[in-house]
Undergrad: 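Structure in structure tokens, see below.
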Amino acid sequence: MGFIRGFGQFWYDLIIGDDWKIAVAVVTTLALGTVVLLAFAVPELVLTPVLGLCLMAAFVIALRIDVRD
């Protein structure tokens, strides 16, 4: 049981880390990108750079919100 708890805690610390707001922003952006890809059949060559820019913007916005608090 200790191995399972340690394994789960490792992944929680890796994904969430110290700031849950950045993790939520990144996961939300990736989920929206997946929905757009599946629902609207946007080519990957178009969606990939747009999603990359959206990820950077989401990270910067979450970081600014976190620093302001």
Undergrad: So does F10 have more than 12 non-hydrogen atoms from other groups sitting under 6.0 Å from CZ?
TA: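 Correct, the count exceeds 12.
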
Undergrad: May I ask whether L37 and V35 are part of the same hydrophobic cluster, defined by side-chain heavy atoms of I, L, V, M, F, W, Y residues being less than 4.5 angstrom apart, directly or through others?
TA: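 Different hydrophobic clusters.
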
Undergrad: Just checking L45: does its CG atom have more than 12 heavy atoms from other residues, nucleotides or ligands closer to it than 6.0 angstrom?
TA: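 At most 12 heavy atoms, drawn from other residues, nucleotides or ligands, come within 6.0 Å of this atom.
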
Undergrad: Flag yes if L38 and F40 sit in one hydrophobic cluster, no otherwise; membership is Ile, Leu, Val, Met, Phe, Trp, Tyr, and two members link when side-chain heavy atoms are under 4.5 Å apart.
TA: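 Per the 4.5 Å side-chain linkage, L38 and F40 are not co-clustered.
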
Undergrad: Are L47 and V36 side-chain neighbours, meaning at least one heavy-atom pair lies under 4.5 Å?
TA: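 SC-SC contact between L47 and V36 confirmed.
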
Undergrad: Throw together a table of side-chain donor-acceptor distances under 3.5 angstrom for residues 26-34, partners on residues two or more places apart or in other chains.
TA:
residue : atom : partner : partner atom : Å
T28     : OG1  : V24     : O            : 2.7
T29     : OG1  : A25     : O            : 2.7
T34     : OG1  : L30     : O            : 2.9

Undergrad: Distance check, rounded to the nearest 0.5 Å: M56 atom CE versus F59 atom CZ?
TA: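 CZ of F59 is found 11.5 Å from CE of M56.
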
Undergrad: In the structure I gave you, are the side-chain heavy atoms of P49 and L53 within less than 4.5 Å of one another anywhere?
TA: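 Counting from C-beta outward, P49 and L53 never come under 4.5 Å.
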
Undergrad: Once you round to the nearest 0.5 Å, how far does CZ of R68 lie from CG of L63?
TA: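 Nearest 0.5 Å value for the CZ-CG distance: 11.5 Å.
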
